[in-house]
Peer 1: 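Input: one structure, supplied below.
Here, residue 1 is the first one in the sequence, and each next residue gets the next number. Whatever order the structure lists ligands and atoms in, that order sets their numbers, starting from 1.
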Amino acid sequence: MSAPQPTYLHDYQPPAHRVTHTELTFDLAPGATRVKARLHVERHPERDDAAESPLTLDGEQLSLKAIAIDGQPLDPDEYRVSDTQLIVHRVPERFLLDTEVEIAPEANTALEGLYQSNGMYCTQCEAEGFRRITYYPDRPDVMATFSTTLIGDAQREPVLLSNGNPLERGELPGGRHFVTWEDPHPKPCYLFALVAGDLEKVEDSFTTVSGREVVLQIWVEEENLDNTDHAMASLKRAMAWDEQTYGREYDLDLFMIVAVNDFNMGAMENKGLNIFNSAAVLTHPQTATDAAFQRVEGIVAHEYFHNWSGNRVTCRDWFQLSLKEGFTVFRDQCFSADTNSAPVKRIEDVAFFRTAQFAEDAGPTAHPIRPDHYIEITNFYTLTIYEKGAEVVRMLRNLVGWEAFRQGSDRYFERFDGQAVTIEDFVDCMAEASGLDLGQFMRWYSQAGTPEIDAHGEYDYAKSEYHLTLRQRTPATPGQPDKLPLHIPVRLGLVGTKSGEDLRMTLDGEVIGKDAVVHLREDEQHFVFTDIAEAPVPSLLRGFSAPVKLRFPYSREDLAFLLTHDSDGFNRWDAGQRLALLALDDLIAAHRNGVEKVMDVRVVEAFRGLLHAETDDKAVLAEMLTLPSEAYIAEQQPLVDVDAIHAARTFVKQSLAMALRDDFLRVYHDNASDAPYAPEPEQIAARSLKNVALSYLMSIEDEEGIELAQRQFSAGHNMTDVRCALTLLTHSSRGDLADPALRLFSEKWAHDPLVMDQWFSIQVTRPQSDVLERVTFLMDHPAFSLKNPNRVRALIGAFAGQNRVNFHRIDGAGYRLLADVVIELNRLNPEIAARIITPLTRWQRFDEQRQALMKAELERIRAEELSPNVFEVVEKALAE
Ligand code: B3K
Ligand code: ZN
């Protein structure tokens, strides 16, 4: 077997032939769907050699039944079919290509292309799934209008959906019927979609800014009709927001969302027909947590925003993926910030980013926002492309200012409407609109790895000057040993230690204000702030102004000071995190050395201060009371000792709970409410605060805390409260609390797979050491299936990714379990296999014994016959 070969960015050239219009007819059947395609093909004007070039189309797992050009069937010697291509040796300048293929949706467990989920047909074509539907130039720079006819069984598939507007429908013999859809907007085939099944819809409408009425439909299985309100409301808010914020109006008369149970990702922005993982669209107060409500809102908005950033203007090639994803994540983040609590949204996003993306950037699969090669593009739907891509767009917005950014965005959408473009095209628009030179800034797109800034500051009392030195360095990443300095915007303030206020800053004779951005472009730069009347504590990288690690030798007193006085809410939170991390460092060392652990009273006093401060932002307070996660603590350690980290964090939590028990109780009661549930910011904030308080009380298994948790669980007021209580009861050391609650929960929710996912996750993230046996046991539970990505994530993903002490068991049983699952999924669903394997690829961070165990499992996987997806990841993970 030959190893799969990489595709390189530098090899890009336009296709020799393009398709201007595509006509598709699907005759649906589970085992043998017939797909007829009529492609209107012409030579590409930008390819001089087009006349001599054969017609080359992509196609995989297709069985070709007929082929003709301009109505003339081809002789077998006129074309060639391989596992991945159809090549027609000689073609005219312009022609109609007719093909007919047969495919088997029911056998498709990879969930790419056309497949069946719960008996219903649906598609996922991004990135390269369309080639599993028909022979086609499956690349985003081929954009065509589509006309699609779906033929299905009138009973089993009464609903037949595709992109655009329905044009015609009718009955056919044998109980069959058809619908023809027409999509007038040219699109790449990755945005093609079809859905066929027995679905029900919820309908609403939206009047656009120019007065056009758009019909909005959410299609679901009948039992989910009650679970669409929030998605619909979110969609309407997103449509209005994009008009107001970016001047972008929707461009068809119909916008549809379909909920699908088996789906690899969160959702997909197919033109006019977004397909969603049911977990990313269905909500009900009884079944979905606040976090789920917010996630649904964000994803609905994200997919909708793609209609412009991705669909109207798309990517030239898949190396440009972040062009649409980074920009669209940035857009959805801003939308959610505007709709909910902006500071909390930023804190949550950054907390996640610094844990997960930093780990990716430091691991064997690190890659730039624009990679220069890939084996399997599906492996590049990563936190780097999405989230770091969004951070880079955010930096651009901050560098050029909102007004120029908006002008640049207008320019981008106008100039490139209907085109497939590059990241340069986007950044050029921003440079033109602002007049700024973004040349050095472009390195963010080509350099992988997280830049590290070492900052040092000194106050010169005699001269009233503050001297700040910033030094940047980006560590080597695979294939990129040497890095160039980046253009890093560092937003900062100097907080006076006497006044507690931001001091006015003067830099190089120019007053820059109390909160300003300095630009770090060199390896090292010195900044001298003059007329600084009192000694300050610097507040650096406010709002996380760049996706970097910033080190500054803060004392614990400095951090406690910033925690109360920093005017930047984000940095106030971060000061608390840094303070906790310093204490945790000591305790991790104590645990490793077998020394008695002693709690740092400064942390206790800082938390006491938080619990007593008058605050109207409960959501931020809840974040501030939340200790850094074990994963984030691990990120800070040179060598990850999962047991020491777990012990240290537990110790801090329990110490705080014991010292501040009455405060936590008071906070709990002050924030309890039985008002009817609404997923709105004020309620969400109160619930988070209350539940954080409860988690402290439960960490010491306080009798009153236990009673509150049990009452909260039984009251069943909403899933946020129930889930929190169930988690705390399940994660306590007392089986007499965990087991009855888990039993009640599963009896009540056995019929709802999305709720059962929560039940799986809660159990497999227990810290108790018998959990691995429970994972194995639950894999045989009737509600579990390896074929469903949500189940896999809820059970295996949660165990391997979130239960660090148990996944990293020193006998290697956790690693073995994950490897077994990867081997099975490699055959069933390579995309999910290549994702779920991630924790095993991070072996470099652990002690030698664990490294050896993890590598042995990777070797065991490598010995299998691997999909390109898993092959690429395992090769990288094992590369020396
Ligand atoms: N664009 C899709 C990604 C689907 C890719 C799956 N291999 C989801 C999104 O980012 O909106
Ligand atoms: Zn997206």
Peer 1: Among protein heavy atoms, which sits nearest to atom 5 (C) of ligand 1, and what does the distance come to when rounded to 0.1 Å?
Peer 2: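 In this structure, atom 5 (C) of ligand 1 has Y381 CE2, 3.5 Å as its nearest protein heavy atom.
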
Peer 1: Relative to the heavy atoms of M268, which atoms of ligand 1 are at a distance of less than 4.0 Å?
Peer 2: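 The atoms of ligand 1 under 4.0 Å from a heavy atom of M268 are 1 (N), 2 (C), 4 (C).
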
Peer 1: What atoms of ligand 1 come within less than 4.0 Å of a heavy atom belonging to E303?
Peer 2: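 Those of ligand 1 that fall under 4.0 Å from E303 are 9 (C), 11 (O).
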
Peer 1: Would a line drawn from the ring center of F327 to the ring center of F305 be shorter than 6.0 Å?
Peer 2: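 For F327 and F305, the ring centres are not under 6.0 Å apart.
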
Peer 1: Looking at A288, is its backbone amide N or carbonyl O close enough to the side chain of T283 to form a donor-acceptor pair, meaning the two atoms are under 3.5 Å apart?
Peer 2: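 Such a contact is absent between T283 side chain and A288 backbone.
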
Peer 1: Is the backbone of S867 close enough, under 3.5 Å, to the side chain of N826 for a donor and an acceptor to pair up by distance?
Peer 2: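 At least one qualifying donor-acceptor pair exists.
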
Peer 1: Purely on distance, is any nitrogen or oxygen of T378 under 3.5 Å from one on ligand 1?
Peer 2: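 N/O-N/O distance under 3.5 Å: no.
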
Peer 1: How far is atom 4 (C) of ligand 1 from the closest protein heavy atom, and which atom is that?
Peer 2: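 For this ligand atom, the closest protein heavy atom is Q124 NE2, 3.7 Å.
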
Peer 1: Short list, please: which atoms of ligand 1 are under 4.0 Å from a heavy atom of H306?
Peer 2: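 So the answer, numbered in order with elements, is 9 (C), 10 (O), 11 (O).
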
Peer 1: Hey, which atoms in ligand 1 end up nearer than 4.0 Å to a heavy atom of K324?
Peer 2: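 Those qualifying, in numeric order: 1 (N).
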
Peer 1: Just to be sure I read this right, does ligand 1 sit under 4.0 Å from the backbone of E112, its side chain, both, or neither, counting only heavy atoms?
Peer 2: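 For E112, there is no contact with ligand 1 at all, from either part.
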
Peer 1: What pairs with A104 under side chain to side chain contact (heavy atoms under 4.5 Å, CB included), at least two apart in sequence or on another chain?
Peer 2: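 Checked A104 against side chain to side chain contact (heavy atoms under 4.5 Å, CB included); matches are A107.
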
Peer 1: For S117, what residues pass the side chain to side chain contact (heavy atoms under 4.5 Å, CB included) criterion, not counting sequence neighbours?
Peer 2: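 Residues passing side chain to side chain contact (heavy atoms under 4.5 Å, CB included) with S117: Y115, C122, V260, N261, D262.
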
Peer 1: Looking only at N, O or S atoms in E325, which is nearest to the Zn ion (ligand 2)?
Peer 2: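 For E325, the N/O/S atom sitting closest to the Zn ion (ligand 2) is OE1.
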
Peer 1: Any donor-acceptor pair under 3.5 Å linking the side-chain atoms of D242 with those of W308?
Peer 2: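 No.
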
Peer 1: Name of the H306 N, O or S atom nearest the Zn ion (ligand 2)?
Peer 2: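 Closest N, O or S atom of H306 to the Zn ion (ligand 2): NE2.
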
Peer 1: Counting each atom of ligand 1 from 1 as listed, which ones have a heavy atom of E325 under 4.0 Å away?
Peer 2: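 Listed by number with element: 1 (N), 9 (C), 10 (O).
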
Peer 1: Just heavy atoms, cut-off under 4.0 Å: does E126 contact ligand 1 by side chain, backbone, both, or neither?
Peer 2: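 Within the 4.0 Å criterion, E126 contacts ligand 1 through backbone and side-chain atoms alike.
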
Peer 1: Quick one: are the ring centres of F330 and F405 less than 6.0 Å apart?
Peer 2: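 Between F330 and F405, the centre distance is under 6.0 Å.
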
